[in-house]
Amino acid sequence: MADDDQQWKIPTIVQELAATGRDELPSRYVVCDHGRPTSAVASDDSIPVVDLSRLSSGAADEAAKLRSALQNWGLFLAVGHGIEPALLGEMMAVTTNFFNLPLEEKQKYTNLVGGKKEHQLQGYGGDMILSETQVLDWSDRFYLNVEPESRRLYDLWPTQPPSFRDILHRYAARCRELADGVLREVAKVVGLREEGCLVDMLDEKAVTYVRLNLYPRCPRPEKVLGFRPHSDASMLTVVLNNAAGLQVLRDGEWYDVPVVPDALVVNLGDTVEVVSNGLLKSPVHKVVANSERKRVSVAAFYTVDPEREVEPAPELVSEERPRRYGSMKNSDYIRELHESLARGERAIDRVKI
């Protein structure tokens, strides 16, 4: 057991808190007044739905829609992606079934190590906690490395439900195909000479993380956040979810990301913002809580080799558009992102010039 003076480093499992049925929330989850969720903006300018099958067949109007989505939102809803609805359903089912396991079974895969004093990225649990005053998110998470297979820590891959490993493996492979196709289009949008250069950055040393998320029902959703505002340290992120709650920031206003059956949310990550020298932006997004139903999501993060230096592409730097970002090794950037999250800051601000 951790020393008494270290107990604040161990977050409570939110699912267990929610199960008590109490109306009052622990103070560690209550967001300050100015950071509390507000109603999203109602707008006719909705987040685009892009049909990737039409895009791959050369439909000019679909390419224009994607370009607009990337430039104005940094994300879009992908349909026609070729991933069978049955596989999407299986992935959502094994994720939900994992979170429904007894706490004792889930704790076999805890992200707390060293006598529960230290937080590691992979595993089941909650936030990395850096201070006693840190406000925590109303969610539980389960991070896993899925690519390359040599980096998988199979001790952390659940044996229950029995189909979990196979379904996650198949789902991640299909999402990678989707990500490669989108990144080829991103390269065209920013004007890179080589259409495949962004895909090539996801080489055999690149790492794909999957994060399973549970956002339990909350008796006072107006006082908490399911996931605080942030952007992703990825090239690209692909999200499967079963309920509303995701919001994206644009021009200082928050917009709801709608749930479309069998659609996947695709958003740019900080790596694309840096490589494009700011031509495209990594969107800031958050998750709000709900008193009526829980939300489950599966996020796949496609990141470059941890040892790669991430910096603007030389061909996108000129006298007219000088370099706007410095260089940082990707492993350092991912570490900075998680520490910045805990501080309520953005890691990308550390590399802006």
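What you see is a predicted model, and the numbers here were worked out from it, not measured in a lab. Scope of the values below: all heavy atoms of this structure, side chains included, with no hydrogens, waters or symmetry mates.
Connection of F142 to L121 is not established within any shared hydrophobic cluster, with ILVMFWY side chains joined at heavy-atom distances below 4.5 Å, either directly or through further cluster members. Note on L178: it does not cluster hydrophobically with V259, by side-chain heavy-atom contacts below 4.5 Å among ILVMFWY residues. Connection of Y333 to Y209 is not established within any shared hydrophobic cluster, with ILVMFWY side chains joined at heavy-atom distances below 4.5 Å, either directly or through further cluster members. A continuous path of Ile, Leu, Val, Met, Phe, Trp and Tyr side chains, each step under 4.5 Å between heavy atoms, connects V146 with I83, placing both in one hydrophobic cluster. No continuous path of hydrophobic side-chain contacts links V272 to I334 [ILVMFWY only; heavy atoms under 4.5 Å].
Looking at N277 and L279, their side chains never come closer than 4.5 Å, going by heavy atoms from C-beta outward. E345 places a side-chain heavy atom less than 4.5 Å from the side chain of R350. Two residues are said to be in side-chain contact when any heavy atoms from C-beta on lie closer than 4.5 Å; W73 and P283 fail this criterion. Side-chain contact between S327 and V351 is absent, with no heavy-atom pair separated by less than 4.5 Å. The shortest side-chain heavy-atom distance between D270 and D232 does not fall under the 4.5 Å cut-off.
Here the options are L236, V207, V310, the test is side chain to side chain contact (heavy atoms under 4.5 Å, CB included), and the partner is T303; only V207 passes.
Note that the CD atom of E195 and the NZ atom of K188 stand 4.5 Å from one another [nearest 0.5 Å].
Nearest heavy-atom pair across D140 and T12 is OD1-O, 4.5 Å.
R293 pairs by the side-chain contact (heavy atoms from CB on, under 4.5 Å) definition with N242, A243, N290, not counting sequence neighbours. For D61, the side-chain contact (heavy atoms from CB on, under 4.5 Å) partners are R54, A59, not counting sequence neighbours. For the side-chain contact (heavy atoms from CB on, under 4.5 Å) test, residues two or more places apart in sequence or in another chain that qualify with E147 are R176, T208, Y302. In terms of the side-chain contact (heavy atoms from CB on, under 4.5 Å) criterion, residue partners of L101 (sequence neighbours excluded) are, by chain and number, F98, E105, K106, Q160.
Residues R22 and E24 are not paired through a salt bridge, judged by the lack of any N-O separation under 4.0 Å between the basic side chain and the carboxylate. A salt bridge does not link E149 with R151: none of the charged nitrogens is closer than 4.0 Å to a carboxylate oxygen. Between R346 and D349 no salt bridge is recorded (no basic side-chain N to carboxylate O distance below 4.0 Å).
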Where do N330 and D305 land on the side-chain hydrogen bond (donor to acceptor under 3.5 Å, both in side chains) test, with the steps shown first? CA-CA 7 Å; N330 195 48; D305 176 2; over 6 Å; no
Show your working on side-chain hydrogen bond (donor to acceptor under 3.5 Å, both in side chains) between S53 and D51 and close with a plain yes or no. CA-CA 6 Å; S53 64; D51 187 334; 2.5 Å; yes
Stepwise side-chain contact (heavy atoms from CB on, under 4.5 Å) test for R295 and L214: CA-CA 6 Å; R295 179 178 184 269; L214 173 67; over 6 Å; no
Please test Y255 against R250 for side-chain contact (heavy atoms from CB on, under 4.5 Å), starting from the C-alpha separation and ending with a verdict. CA-CA 7 Å; Y255 294 80; R250 189 177 78 156; 4.0 Å; yes
Give the C-alpha distance, both sets of side-chain angles, the deciding distance and a yes or no for side-chain hydrogen bond (donor to acceptor under 3.5 Å, both in side chains) between S139 and N213. CA-CA 7 Å; S139 58; N213 305 290; 5.9 Å; no
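In K205, the NZ atom is not crowded: 12 or fewer heavy atoms of neighbouring residues, nucleotides or ligands sit closer than 6.0 Å.
Sorted by first and then second residue, the salt bridge (Lys or Arg N to Asp or Glu O under 4.0 Å) pairs with a member in residues 320-329 read E307-K329, E311-R323; sequence neighbours excluded. Residue pairs meeting the salt bridge (Lys or Arg N to Asp or Glu O under 4.0 Å) criterion with at least one partner in residues 67-93, sequence neighbours excluded, are E84-R174, E90-R170.
Panel note: side chain Q247, backbone V288; no donor-acceptor pair is recorded below 3.5 Å.
Taking the centre of each ring, Y109 and W157 stay at or above the 6.0 Å mark.
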